Amino acid sequence: MTDDPTPIKRNFLYEAIDADIASGQVQGKIITRFPPEPNGYLHIGHTKAICINFGIAQHYNGQTHLRMDDTNPVKEEQEYIDAIQDDIRWLGFTWDRLCFASDYFEQLYDWAIVLIQKGHAYVDDQTVDQIRANRGNLTEPGTASPWRDRPIEESLDLFARMKAGEFPDGSRVLRAKINMADPNLVMRDPVLYRILHATHPRTGDTWCIYPMYDWAHGQSDWIEGITHSMCDISFEIHRPLYDWCINRLAEENAYPPGITYKTRQMEFARGNITTLITSKRKLLQLVTANHVTGWDDPRMPTLRGMRRRGYPAMAIRRFWEEAGVAKRENLIEFAKLESLIREELNRTVQRRMAILDPLKVIITNYPEDQIEQMSVINNPEDETAGRRDVPFSRELFIERSDFMEDPPRKFFRLGPGKEVRLRSAYWVTCTDVIKDDQGNVTELHCTYDPDTKGGKTPPDGRKVKGTLHWVSAAHALDAEVRIYDPLFLTENPEQVEEGKIFLDNLNPDSAKTLKNVKVEPALADTQSGDRFQFERTGYFCTDSDSTADKLVFNRTATLRDTWAKVQKQPNQQKQKQKKKQQQRSASPHKKD
RNA sequence: UGGCCCGUAGUUCAAUUGGCAGAACGCCUGGUUCUGAUUCAGGAGGUUGGAGGUUCGAGUCCUCCCGGGCCAGCCA
């Protein structure tokens with residue numbers, strides 16, 4: 001396991017574990033597990049459970065198992081088994097054991113027989129529909145299956161023949177015999193085994209009956225010696241069944257080898273984040289309907305997507321650590337995650353200059369053939385990152401948005417007659433604005449002050465407010481930059497009004513490609529996954545599509561931008577006024 | 001309507017288990033700055049869902065009410 005992201009923030013799970021240790025309930029190591037079903041890719045929601053389970057074990061100097069909950073072969077695939085491990089490694093966690101629920105199929109089967117022998121389970125011949133109909137509902141008790149009291153020997157025989165493949169899918173199930181009137185519907189004789197003639201990615205065609213979650217999960221925990229099984233709140237109502245299964249076996253002294261205690265399940269609320277969806281089904285829909293380019297689309301909240309987007313794994317881990325753990329519903333502001341992403345990147349990543357929307361600048365008093373290497377600091381937050389040389393010449397590119405022909409008072413950038421600093425280079429003053437026939441600005445003419453080399457203040461002590469990033473036109477590399485914005489427009493995209501679906505909340509402008517980007521030559525040999533801050537524009541990550549001939553960068557996040565906020569303000573005020581007026585005119589006091 | 005769970009700044013969580021309701025993010029103001037970034041200083045923001053009760057003292061204990069969530073897969 002890697003280093004702690006931040007000091008741990010205690011929560012009720014720690015309290016409970018401390019109590020279990022204090023009471024002697026648990027002796028020895030604390031062992032947790034992360035039990036994904038290999039039926040899809042991991043997403044941000046899963047990372048909360050990963051951080052909790054690995055984090056707690058780490059805190060107690062214990063162990064964590066990665067266990068594939070592979071009990072439903074019709075949905076699970078080897079591809080996901082591999083991807084899940086890859087993603088967890090990327091997050092920075094290392095499991096002490098890799099386990100598979102399918103490794104326990106034999107044991108689970110044997111235990112099921114024990115249950116039948118003791119009269120705690122029976123084979124039911126009802127159809128799916130009959131079982132559903134007889135389960136009752138929230139207010140009415142269920143009705144017993146006609147097979148509920150069939151002789152133990154008969155169930156034993158039938159169960160063996162289910163396993164032997166004598167019956168078609170859906171013809172029979174093994175059910176626990178608990179209580180058809182239990183107010184908790186989970187306890188109304190839950191199905192333990194179903195017949196599935198399907199090929200399992202690991203056990204192949206060995207089995208044609210497969211255990212249900214409720215029968216497999218708790219016992220898998222128990223077999224592995226998991227002390228605390230932490231899962232999301234949706235399993236809370238399953239806890240009585242979880243305990244019931246283990247207790248029935250414990251009564252028969254059927255403890256797994258070396259195990260002396262019963263695993264304790266504890267539940268926490270899953271974490272929701274504004275504008276993000278964490279439903280495997282809906283994520284799949286985005287992929288299949290081509291709303292995104294794939295599971296690793298940088299806009300996807302999958303680990304693969306976030307990795308490609310450039311999110312640091314540590315930011316995700318710190319996010320959950322700082323968010324905390326509780327049992328109440330929550331919707332965490334994306335800004336919280338973003339601030340951690342920026343904080344990690346600001347500290348660790350080198351700066352480069354890139355012009356997203358180039359505007360040509362000619363320094364008219366700069367010698368035509370001259371090239372100077374300007375020494376630029378790589379990361380002001382990290383001296384060990386050193387410096388690099390960036391070529392400067394007579395023809396440059398600056399950001400189009402850094403020039404305004406008729407700038408407002410507080411615009412610190414370039415305008416006719418205005419002077420700015422080119423970062424680590426020279427101070428320049430705009431002398432001429434060149435336009436095309438349509439009146440579009442195509443080029444700026446500037447003069448530079450040789451006394452400001454390196455960007456330093458000239459001897460006369462005059463000041464400039466603005467510092468711009470730039471690249472030398474002759475030395476610039478062409479690049480493509482992909483700008484990403486939230487995939488969804490609404491805070492809670494999964495919440496939709498009547499007659500609408502979550503896809504209606506899609507942001508039509510979540511991805512934009514800038515194809516005419518000019519970057520400094522130091523970016524020539526960047527590799528996929530490299531991260532940078534492009535000065536004044538944001539954090540970027542070299543995309544997997546990037547090649548030496550065609551550089552491609554993804555925007556991970558923007559820098560905080562108070563100037564943009566200032567610009568927006570007048571509009572907001574106008575809107576507020578408008579709203580007020582509308583409210584007034586809509587007021588009941590005013591008659592039409 | 002049955003059962004279970006949950007209500008503390010805008011958001012997410014704390015509150016030494018009955019002792020002055022705090023932090024982070026967000027927001028606002030100002031300082032510094034060769035990134036309008038970073039950073040630093042400060043500020044606003046709370047009837048702890050509500051009403052009773054116990055107590056010298058209640059976010060914490062008790063009662064009632066209100067609000068929200070989950071459960072009727074041979075998914076996990």
Side-chain angles (χ1 to χ4, degrees), chain A residues 9-11 15 35-37 39 69-72 74-76 124 126-128 131-133 135-142 169-175 182-188 190-196 210 212-214 216-217 231 233-240 267 269 271 273-274 280 319 322-340 342-343 346-347 351 353 376-377 380-381 410-413 421-425 427 452 454-457 464-469 491 533-538 558-567:
Chain A
K9 195 163 159 183
R10 288 185 62 84
N11 56 55
E15 307 286 339
E37 184 191 12
N39 71 342
D69 219 344
D70 54 348
T71 57
N72 187 0
V74 310
K75 288 187 176 176
E76 295 147 10
D124 192 349
Q126 290 184 112
T127 64
V128 198
I131 289 180
R132 185 182 306 126
R135 185 151 29 224
N137 55 42
L138 298 181
T139 50
E140 282 161 34
D169 290 3
S171 56
R172 277 178 242 266
V173 291
L174 182 73
R175 285 232 256 173
D182 198 301
N184 179 354
L185 272 54
V186 169
M187 298 297 274
R188 318 244 260 231
V191 173
L192 265 26
Y193 272 93
R194 75 284 216 193
I195 301 171
L196 244 35
Y210 290 92
M212 297 286 289
Y213 166 86
D214 285 309
H217 198 91
C231 57
I233 214 109
S234 63
F235 294 99
E236 198 162 36
I237 54 162
H238 289 251
R239 182 161 19 98
E267 311 85 11
I273 305 170
T274 56
K280 274 188 194 173
F319 172 74
E322 288 189 20
V325 182
K327 296 186 78 166
R328 52 167 168 260
E329 276 238 321
N330 60 75
L331 184 58
I332 310 171
E333 289 167 346
F334 180 78
K336 171 83 180 173
L337 211 208
E338 200 176 35
S339 88
L340 258 1
R342 289 192 183 117
E343 194 180 295
N346 176 52
R347 248 188 24 244
R351 282 90 297 188
M353 291 195 281
V376 183
I377 193 161
E381 310 291 324
K410 284 197 163 175
F411 190 75
F412 302 153
R413 311 173 187 183
R421 169 172 28 234
L422 296 180
R423 168 125 236 203
S424 302
W427 291 23
T452 58
K456 66 170 190 289
T457 306
V464 284
K465 254 324 208 167
T467 299
L468 311 187
H469 58 289
E491 292 232 307
Q533 183 196 104
F534 289 171
E535 296 232 22
R536 304 210 305 132
T537 65
T558 60
L559 260 28
R560 269 186 62 223
D561 189 353
T562 43
W563 168 240
K565 224 181 270 175
V566 171
Q567 282 177 304

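In what follows, chains are A, B, ... by sequence order, proteins preceding strands, each numbered from 1. In this text, all values refer to a predicted model and were calculated from it rather than measured experimentally.
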Could you work out which one of B/G73, B/U35, B/C13 sits closest to the side chain of A/R132?
B/G73
Looking across every strand, which nucleic acid part, if any, lies under 4.0 Å from A/E329 by heavy atom: base, sugar-phosphate, or nothing?
sugar-phosphate
Would you say NZ of A/K456 has more than 12 non-hydrogen atoms from neighbouring residues, nucleotides or ligands within 6.0 angstrom?
yes
Ion pair A/K75/A/E37, N-O distance below 4.0 Å:
no
Mind checking if A/P141 touches a base, just sugar-phosphate, or nothing, with heavy atoms under 4.0 Å?
nothing
To the nearest 0.5 angstrom, please state how far the CZ atom of A/F412 sits from the CZ atom of A/R421.
13.0 Å
Which nucleotide in B/G26, B/C75, B/G73 has an atom nearest any side-chain atom of A/S339:
B/G26
Using atom types as modelled and distance alone, determine if a side-chain donor or acceptor of A/T467 lies under 3.5 Å from a backbone N or O of A/R423.
no
Residue A/R135, side-chain heavy atoms: nucleotide from B/G73, B/C27, B/A76 that is nearest:
B/G73
Integer angstrom distance from the C1' of B/C20 to that of B/U48:
15 Å
When you compare the side chain of A/V173 with that of A/M212, does any pair of heavy atoms fall below 4.5 Å?
no
Protein-nucleotide distance (A/K280, atom NZ; B/A76, atom P), rounded to Å:
11 Å
Mind checking A/R421 for me? I need base, sugar-phosphate or nothing, with any heavy atom below 4.0 Å counting as a touch.
base
At under 4.0 Å, does any side-chain N or O of A/T562 touch on OP1 or OP2 of B/A37?
yes
Base of B/G2 paired with side chain of A/E140 (donor-acceptor, under 3.5 Å):
no
Tell me the stems RNA chain B sits in, counting at least three consecutive Watson-Crick or G-U wobble pairs, each under 3.5 Å on both distances.
B:2-7 with B:66-71, B:10-13 with B:22-25, B:27-31 with B:39-43, B:49-53 with B:61-65
Distance, P atom - from B/A41 to B/A23, rounded to whole angstrom
13 Å
Over all strands shown, is A/R328 touching base, sugar-phosphate only, or nothing at heavy-atom distances under 4.0 angstrom?
base
Counting just side-chain N and O atoms, does A/N330 come under 4.0 Å of either OP1 or OP2 of B/U11?
no
Contact class for A/V128 (heavy atom, under 4.0 Å): base, sugar-phosphate, or nothing?
base
What does A/V464 touch in the nucleic acid at a heavy-atom separation under 4.0 angstrom: a base, only the sugar-phosphate, or nothing?
nothing
Using a 4.0 Å heavy-atom cut-off, does A/R413 contact any base of the nucleic acid, only the sugar-phosphate backbone, or nothing at all?
base
For A/N137 and A/T139, test the side chains for any donor-to-acceptor distance below 3.5 angstrom and give the result as yes or no.
yes
Nucleotide nearest A/R194 (side chain, heavy atoms from C-beta), chosen from B/A72, B/G10, B/A76:
B/A76
Closest to the A/F235 side chain, choosing from B/A76, B/C74, B/G26
B/A76
Using whole Å, what does the distance between atom C1' of nucleotide B/C74 and atom CG of A/N72 come to?
10 Å
Among the candidates B/C5, B/C75, B/C25, find the nucleotide nearest to the side-chain atoms of A/K336.
B/C25
Taking A/R351 for its side chain and A/E535 for its backbone only, find out whether a donor-acceptor pair lies under 3.5 Å.
no
Between B/C13 and B/A58, how far is it from one P atom to the other, in whole Å?
27 Å
Regarding the side chain of A/F411, the nearest nucleotide among B/C13, B/A76, B/G36 is B/G36
Which part of the nucleic acid, if any, lies within contact of A/F319, taking any heavy atom under 4.0 Å across all strands shown: a base, the sugar-phosphate backbone alone, or nothing?
nothing
Got a salt bridge between A/K9 and A/E322, using NZ or NE/NH1/NH2 to carboxylate O under 4.0 Å?
no
Using a heavy-atom cut-off of under 4.0 Å over every strand shown, decide if A/R351 touches base, sugar-phosphate, or nothing.
base
Considering only B/U1, B/C71, B/A14, which nucleotide approaches the side chain of A/N11 most closely?
B/A14
Using the C1' atom as the reference point in each nucleotide, state the distance between B/U8 and B/A14 in Å, no decimals.
10 Å
If you measure from the C1' atom in B/U47 to the same atom in B/G43, how many Å do you get, rounded?
23 Å
Rounded to whole angstrom units, what separation is found between the CD1 atom of A/I377 and the P atom of B/U35?
11 Å
Spacing between A/E491 atom CD and B/G26 atom C1', to the nearest angstrom:
11 Å
Using a 4.0 Å heavy-atom cut-off across all strands, classify A/H217 as base, sugar-phosphate, or nothing.
nothing
Would you indicate which nucleotide in B/G36, B/G3, B/C74 comes nearest to any side-chain atom of A/I131?
B/C74
Please state the P separation for the pair B/G19 and B/U60 - nearest whole angstrom.
11 Å
Would the number of heavy atoms belonging to other residues, nucleotides or ligands and lying under 6.0 Å from CD of A/E491 be above 12?
no
Between atom CG in A/L331 and atom C1' in B/C6, what is the gap in whole Å?
16 Å
How is A/T71 classified with respect to the nucleic acid when contacts are heavy atoms under 4.0 Å: base, sugar-phosphate, or nothing?
sugar-phosphate
According to a strict under-4.0 Å criterion, is A/K327 in side-chain N/O contact with OP1 or OP2 of B/C70?
no
So what does A/I332 touch, heavy atoms closer than 4.0 Å: a base, only the sugar-phosphate, or nothing?
sugar-phosphate
Verify, without hydrogens or angle tests, whether A/R194 (side chain) and A/D169 (backbone) share a donor-acceptor contact under 3.5 angstrom.
no
Whole Å only: how far is the CZ atom of A/R536 from the C1' atom of B/A37?
10 Å
Under the 3.5 angstrom rule, does the side chain of A/W427 hit a backbone N or O of A/G455 as a donor-acceptor pair?
yes
Measure the distance from CZ on A/R423 to P on B/A37 and round it to the nearest whole Å.
13 Å
Base orientation of B/G73, chi within 90° of 0 counted as syn, else anti, reads syn
To the nearest angstrom, how far is A/I273 atom CD1 from B/U12 atom P?
12 Å
Between A/V191 and A/F412, who's closer to the 5' end of RNA chain B by nearest nucleotide?
A/F412
If you measure from the P atom in B/U38 to the same atom in B/C27, how many Å do you get, rounded?
10 Å
Taking only the P atom of each, what is the distance from B/G67 to B/U1 in whole angstrom?
9 Å
For the side chain of A/N184 and the backbone of A/V186, is there at least one donor-acceptor N/O pair under 3.5 Å apart?
yes
Under the rule syn = chi within 90° of 0, otherwise anti, which is B/U47?
anti
Using a heavy-atom cut-off of 4.0 Å across all strands, would you classify A/K410 as base, sugar-phosphate, or nothing?
base
Any idea which of B/G3, B/A72, B/U38 is nearest the A/I237 side chain?
B/G3
Quick one: label A/Q533 by what it contacts on the DNA or RNA (base, sugar-phosphate, nothing), any heavy atom closer than 4.0 Å.
base
Decide yes or no, distance alone: a donor-acceptor N/O pair under 3.5 angstrom between the base of B/A76 and the side-chain of A/H238.
yes
By a 5.5 angstrom centroid cut-off and a 30 degree plane limit, is there stacking between A/W563 and B/G36?
yes
